[in-house]
Amino acid sequence: MADIASTRDRGNRSTDDGGTTKQGREPKNWRPFLLLIPAFVIVSFFFLAPLIDVFVRSITDPTLGIQNYVWLFTTPTNMVVALRTFGTSFLVTIVCLLIAYPYAYLMTIVSDRTRNMLQLFIMLPLWTSILVRTLAWLVLLQDTGPINGLLESLFGIGPLPLIRSTFGVALGMSQVLLPFMVLPIYSALAKIDKRLLPAAANLGARPVTAFFTVYLPLSRPGIFAGSVTVFILGLGFYIIPALLGSSKEIMMSALMYQQISGFLMWGHGTALGIFMLTTTIVVLALVGRLSKGTSLFAGRVK
């Protein structure tokens, strides 16, 4: 009996000392993280290395210092172009959201065959070159184009400045970026139980009230995902503003191209790029903070 008791005591001591049994915590196994090393190397080579090179050029060209950033913030034209770029991207985001939300909702209530057709319509533009689509808009929106001709023949209006303006740029960008808004919103709407709206109506809520208090808050993840994607992509557009816009209303991408390719001022161009990257990260951080734990109309979710 004494031998059995001593054996049991030794087993208990070994269990307490090891710390890896039921009551203890097992040590972390770092071997799976080694599989991430090749991906980290690839990302570092194709993303971090060019980014570091751009930052180094912004503080070393033509001499070491912050003179390029001083030029950036002290030149009024740069701030005007930056505000125009962010304003145009925000406008395009709003336009895409107003068009995409009803379209995505329609995709959730139609039959499977009709839904597939709607998905084909929204994905079809992605299979066409942006340059081809922009040139098509250039033909349609020009002063002697079919749209101005139709307006003049029906209403006696025209020709309207549909191109070489913010309207033409926003229209072309919205057509290109619309799929990036529709798909995230549809993904969110497809997960919402369709019985929620009839249940809210049975409890006395009006259709508009039920939509804004029940349905719309549940679609918030898709709205934020699509809006952030469209806004960020809109900041870097070059072809559409260059063809449908004017030299007096250039955006940040055209300004960077002008500084680097036209004036060979690599320091100025890379400083503009770092500025846009920084402001984009700040916008993402603010949107992420806003979307975390908040509702679109009901405040903070508890």
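The number of heavy-atom neighbours closer than 6.0 Å to CD1 of I66, taken from other residues, nucleotides and ligands shown, is 12 or below.
Taking the six-membered ring for Trp, Y69 and F275 have ring centres at least 6.0 Å apart. Taking the six-membered ring wherever Trp is involved, the centroid distance between the rings of Y257 and Y238 falls below 6.0 Å.
Using a 4.5 Å cut-off on side-chain heavy atoms (C-beta onward), T229 and M181 make no contact. Using a 4.5 Å cut-off on side-chain heavy atoms (C-beta onward), F231 and S227 make no contact. A 4.5 Å side-chain heavy-atom check between V56 and T270 finds every atom pair outside the cut-off. In this structure, V182 and M107 have side chains that are in contact, with non-hydrogen atoms separated by less than 4.5 Å. With contacts defined as side-chain heavy-atom distances shorter than 4.5 Å, the pair Q142/N148 does not qualify. With a 4.5 Å cut-off on side-chain heavy atoms, L72 and M79 count as touching. Between T77 and L255 there is no side-chain heavy-atom pair separated by less than 4.5 Å. Looking at M252 and L272, their side chains come closer than 4.5 Å, going by heavy atoms from C-beta outward.
For S153, the side chain to side chain contact (heavy atoms under 4.5 Å, CB included) criterion is met by L150, not counting sequence neighbours. Scored by the side chain to side chain donor-acceptor pair (under 3.5 Å) test, T108 finds no partners at all (sequence neighbours excluded). In this structure R206 satisfies the salt bridge (Lys or Arg N to Asp or Glu O under 4.0 Å) test with no other residue, sequence neighbours excluded. Applying the side chain to side chain donor-acceptor pair (under 3.5 Å) test to Q259 and every residue at least two apart in sequence or in another chain returns H268. The salt bridge (Lys or Arg N to Asp or Glu O under 4.0 Å) test applied to R133 returns no partner, not counting sequence neighbours.
Side-chain heavy atoms closer than 4.5 Å link hydrophobic residues (I, L, V, M, F, W, Y) into clusters, and following such links, possibly through other members, connects M251 to I130.
Side-chain atoms of Y105 and S219 form no donor-acceptor pair, as typed in the model, at a separation below 3.5 Å.
Evaluated for a side-chain contact (heavy atoms from CB on, under 4.5 Å) with F237, the options V92, T85, L177 yield exactly one hit, L177. R115 pairs in a side-chain contact (heavy atoms from CB on, under 4.5 Å) with only one of the listed residues (I109, V110, L106), which is V110.
Of the possible donor and acceptor atoms, none in the side chain of S89 sits under 3.5 Å from a partner among the backbone N and O of F86. A donor-acceptor pair under 3.5 Å is absent between the side-chain atoms of N68 and the main chain of A271, judged by distance alone.
Evaluation of the salt bridge (Lys or Arg N to Asp or Glu O under 4.0 Å) test over residues 142-151, restricted to residues two or more places apart or in two chains, returns D143-R164.
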field: Check against side-chain contact (heavy atoms from CB on, under 4.5 Å), L118 and Y103
entry: CA-CA 8 Å; L118 292 176; Y103 193 93; 3.6 Å; yes
field: Step-by-step side-chain contact (heavy atoms from CB on, under 4.5 Å) determination, L135 to L138
entry: CA-CA 5 Å; L135 292 176; L138 185 63; 4.3 Å; yes
